[in-house]
Amino acid sequence: MPRRYWLMKCEPSSYTIDDLERDQTVSWEGVRNYQARNILRDEMQEGDGVLFYASNAKPSGVTGLATIVRRGYPDHFAWAKGHAYFDLAGSKEAPVWYMVDIGFVERFPDVVSLATLKGTRGLERMMVTQKGSRLSVQPCTRAEYNIVVKLGRARARR
DNA sequence: GCCAACGTTGGC
DNA sequence: GCCAACGTTGGC
């Protein structure tokens, strides 16, 4: 299986690339959307590349890179009664929701803003640049990933 | 804070 | 199975 690439969103009020740099690895629980669940459960593999995206931020954009360090496994918070991520769907015996672990790779010196992504050739078809794109875990192509990495690193040379 | 876009729920 | 109502996401 060749290395694949993803974009994962998180609001800075919950977790940031700085938090990930401090923690080095973190479990990505709490995703409660079936399309995203399918990606977490079935598609992500250890070593895949992740664009770490800050949503609802000033500005929103890609703040760094991560990688999948543990492929999909059941999100046990889904059956923790009283927990914010508790969900009636599924059970320990028949899990519905899944999570992965991600690891820190690199923090960009500056955020690559959504406006920049939208204005960059080659990213016109990237999911995050489309209007109304709400999926919190999105696939992207290797070409798109590489373009964003270049943008993120280029800013260090200003 | 506003509101458009989206996913989910539930009545019928 | 349709679709209106609702709650959430997330850009601005």
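By convention in this document, chain letters (A, B, ...) are assigned in the order of the sequence lines, proteins followed by strands, and residues within each chain are numbered from 1. This structure is a prediction, so every number in the text was calculated from the model and none was measured.
The environment of A/Arg125 atom CZ is sparse: at most 12 non-hydrogen atoms of other residues, nucleotides or ligands sit within 6.0 angstrom.
Using a 30° and 60° split on the angle between ring planes, A/Tyr34 and A/Trp97 fall in the tilted class, from 30° to 60°. In this pair, A/Phe77 and A/Tyr85 present their aromatic rings perpendicular. The plane angle is above 60°, beyond the 30 to 60° band.
Atom CG in A/Leu135 sits about 10 Å away from atom P in B/dT8, given to the nearest Å. Protein atom CD of A/Glu11 is 11 Å distant from nucleotide atom C1' of C/dG11, rounded to whole Å. One atom, CD of A/Gln35, and another, C1' of B/dT8, lie 14 Å apart when rounded to the nearest Å. What separates CH2 of A/Trp97 from P of B/dG7 is a distance of 13 Å, to the nearest Å. Rounded to whole Å, the distance from CD on A/Gln130 to C1' on B/dA4 is 16 Å. The distance between atom CE of A/Met127 and atom P of B/dA5, rounded to the nearest whole Å, is 18 Å. Here B/dG7 presents its P atom at 12 Å from CD of A/Gln138, a figure rounded to the nearest Å. Rounded to a whole Å, the CZ atom of A/Arg37 is 15 Å from the P atom of B/dG7.
A residue-by-residue look at A/Asn56 and A/Ser133 shows that A/Asn56 has its nearest nucleotide of DNA chain B further toward the 5' end.
The listed nucleotides are C/dC12, C/dG10, B/dA5; the one nearest the side chain of A/Leu114 is C/dC12. Residue A/Arg134 places its side chain closer to C/dG10 than to any other of C/dC12, C/dG10, B/dA4. Ranking C/dG10, C/dC12, B/dT8 by closeness to the A/Tyr34 side chain, first place goes to B/dT8.
Contact check, A/Tyr53 against C/dG11: a side-chain N or O comes under 4.0 Å of OP1 or OP2. Phosphate proximity of C/dG11 to A/Ser60: present, with a side-chain N or O under 4.0 Å from OP1 or OP2. A/Lys131 has a side-chain polar atom (N or O) that falls below the 4.0 Å cut-off from OP1 or OP2 of B/dA5.
By the 4.0 Å N-to-carboxylate-O rule, A/Glu106 lies close enough to A/Arg153 to be salt-bridged with it.
A/Asp48 and A/Trp6 form a side-chain donor-acceptor contact under 3.5 Å, judged by distance and modelled atom types alone.
No contact: A/Lys58 has no heavy atom under 4.0 Å from any strand.
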